[in-house]
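Only one structure is covered here, and it is reproduced in the block below.
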Number of protein chains: 2
Amino acid sequence: MARGQGVTIRDVARRAGVSITAVSHALNGKGTLSEETRARVKAVADELGYQADAFARGMRQGSIGAIGLVLRSLDALGDYTPVGVDVFERFAGIVSARALAKGLSITLVPDLTRSPVPPLAFSMDGYIIMSPHEEDPVAALLERRGIPYVAYGNIPGRPDFIHWASEDDPYAAHQLLTHFQMAGAREVVLVSGTDTNAWNKDFQAEYRRWCSEQGTTPRIYEQSERSGVDGGREAGERILADGVPEAVLCMTGRHAAGVQQALQAAGVSVPGQTLIAAASDSEHARSSRPAITAFELNPAGCADQLLEMLQDLLATGNAQGPRLTKARLRPRASTRRD
Amino acid sequence: MARGQGVTIRDVARRAGVSITAVSHALNGKGTLSEETRARVKAVADELGYQADAFARGMRQGSIGAIGLVLRSLDALGDYTPVGVDVFERFAGIVSARALAKGLSITLVPDLTRSPVPPLAFSMDGYIIMSPHEEDPVAALLERRGIPYVAYGNIPGRPDFIHWASEDDPYAAHQLLTHFQMAGAREVVLVSGTDTNAWNKDFQAEYRRWCSEQGTTPRIYEQSERSGVDGGREAGERILADGVPEAVLCMTGRHAAGVQQALQAAGVSVPGQTLIAAASDSEHARSSRPAITAFELNPAGCADQLLEMLQDLLATGNAQGPRLTKARLRPRASTRRD
DNA sequence: ATGATTGCATAAAACGTTTTACGACTCTAA
DNA sequence: TTAGAGTCGTAAAACGTTTTATGCAATCAT
């Protein structure tokens, strides 16, 4: 049997010579037991290696101390397709580690809307959903079921939904563009992703705003997040076909690496003729030659914020949001003009 | 409340005008109900959006349809440290997607041996543990609790433990070395990782065997898996200090990329003077110039094998093992001599 | 001496299922 | 008629907790 080693609350009670109520109270710090009895019961429980059965407890209490994580890129992962951004790949691990520190389990749920739904799915205390997009069906389903959830990134088209956290995208975009400006570039090309999430939308919006402020014409090249370095090269070739740019801002480190390779292959020097930067750091940005300036996102910080917000939501029924964390710009050789 | 929308088996029974037993039997295909009654009950259940409470069911049946995954690199991920091999990062996602297809949830458990243990941890039906090492404490704990588990990679020093799956490492090592040989290299340098897992051990063993067969002296450079491309460069410099090699075999794609950069920086041409290959593919191997020959591991295949083995173990108490999947060599420009 | 208060412990109900055992019919065969 | 065999359905126990309500002493105030 997977469940327990057979040692139940009854075993502890018998061994300690008390009722099962006493054991429950002693172990949970409730009721009106004498300190002496409490101590004795705890000792016996330890000795027997007793652990309260999670299901029995969950059934009685209505909550289980476990939360679900809907990881968006999992669909793509089904057949091991690489995805674009460092953050996606590590987020499960990060959330999990942080959740543990708060005494919560986390369960990965690939897609809540496709059946068969995993047995535990609707018994989670709450959910974190990653990068929700417009009309997100998972968010809708959770709402219908009355299961609390928070999101990594806002839900586009749902300004009323406040329980989300993310990096401060407009701030990051602004800082990156200003960084280009400082380095001497006035016209910037944007290589954007294709997902309709807040990340892409916010950056594009800030980029357009900045362009109109500068009086320059926006040049946006869309490229699927999933296409990786090869997609970056392709985008780079498209850009070159329209003229050598002063600066290129890519949403992912992989795209940036690819664009850089395409430019260099065409004899364009980086950072001599063209500056390059990425809106999300990844090992590709770090290990390219020259190394590519990038924004280092803060998934650990966001994970903390999300968990905290979810815990508030579970405990009190509401929570403050949204919560923004500040990412940090990592200037590297790709934007350094000596 | 997170738990359900309040609709229980009793509600369904009342609405359908039958007993709760009838509902349970109808929905689980048991008992001796007429087809007509079954259909009616199912219709009502659908209409009400009834979902059996996972805890109540788990409590009664003793199993829950959920398995735990102990992901080894999670400790390192706590503060977002990059790790060496593609496979590690994606394995959670892959297992999760595959598990879903089999109707199982998967719960990430960072470290079973460190308290507080997540509430659900000991209620899982079984576990998959990743890359166990010698004297693995997690394996020991699960054994003590009588919880079935399978491992991705064998447990070094435990030949009696058979419930594991992995790529066929010795075969991969042999094929890679033969590939070098075909391309004209007789002396091969090995850049090994530092973890004491089966992966490193098996490769080293096969490498040594091959060297003695060829009558050449093994040259092994150890480099931590966590050091990434920078570590690869460092290893490359160490190698060069000992002389320009005919061929370099790296355990990770990142190391290979770094070694290649170090060689190129020193004016050594790849593949002209030195061949390079990696024992595990990663985007770094794919996107380096020249692209680096690598072994494409098969984590999806292993995940399937592991889940199947675990299901056998849960159902019958034993399972056949170990199970080896064949990885595929991806020849690329870094070993191509025209 | 009596009634009220306090301190400690417990009995029993409840959570929502699944399962076992049994009951009430209807039909067939003698 | 009645025994035996099927057919369809249900009552009740059980899973392992937590919680509510209650009980029993001993102590206290009158």
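Proteins come first, then strands; the chains are lettered A, B, ... in the order of their sequence lines, and each starts at number 1.
Applying the 4.0 Å criterion to OP1 and OP2 of C:dT17, one finds that B:S24 has every side-chain N and O outside that range. Phosphate contact (OP1/OP2 of C:dA9, side-chain N/O of A:T37, threshold under 4.0 Å): present. Within the structure, a side-chain polar atom (N or O) of B:S34 is placed less than 4.0 Å from OP1 or OP2 of D:dG9. One finds no side-chain N or O of B:K30 lying less than 4.0 angstrom from the OP1 or OP2 phosphate oxygen of C:dT18.
Between the base of D:dA11 and the side chain of B:T21 there is a donor-acceptor pair shorter than 3.5 Å. Below the 3.5 angstrom threshold, one finds a donor paired with an acceptor across the side chain of A:R60 and the base of D:dT18.
C:dT10 atom P lies 8 Å from atom CG of A:L33, rounded to whole Å. The interatomic distance linking B:F55 (CZ) with C:dC15 (C1') rounds to 12 Å, in whole Å. Between the C1' atom of D:dT17 and the NE2 atom of A:H25 lies a distance of 11 Å, rounded to the nearest Å. Rounded to an integer number of Å, the gap from CD1 of B:I9 to P of C:dC15 is 14 Å. For A:N28 and D:dT20, the CG to P distance is 13 Å, given to the nearest whole Å. Rounded to whole Å, the distance from CZ on B:R57 to C1' on D:dG16 is 18 Å. Distance CD1 (A:I20) to C1' (D:dT20): 13 Å, rounded to an integer number of Å.
In this structure, A:R38 contributes its side chain and A:H25 its backbone to a donor-acceptor pair below 3.5 Å.
Looking at A:K102 and A:D125, no side-chain N of the basic residue comes within less than 4.0 Å of a carboxylate O on the acidic one, giving no salt bridge.
Each of B:A52 and A:V18 lies near DNA chain C, and the nucleotide nearest A:V18 is the one positioned closer to the 5' end.
As judged by a 4.0 angstrom heavy-atom cut-off over every strand, A:T8 is placed among residues touching the sugar-phosphate backbone only.
Each of C:dC15, C:dT19, D:dT19 was ranked by its minimum atom distance to the side chain of A:Q61; first place goes to D:dT19.
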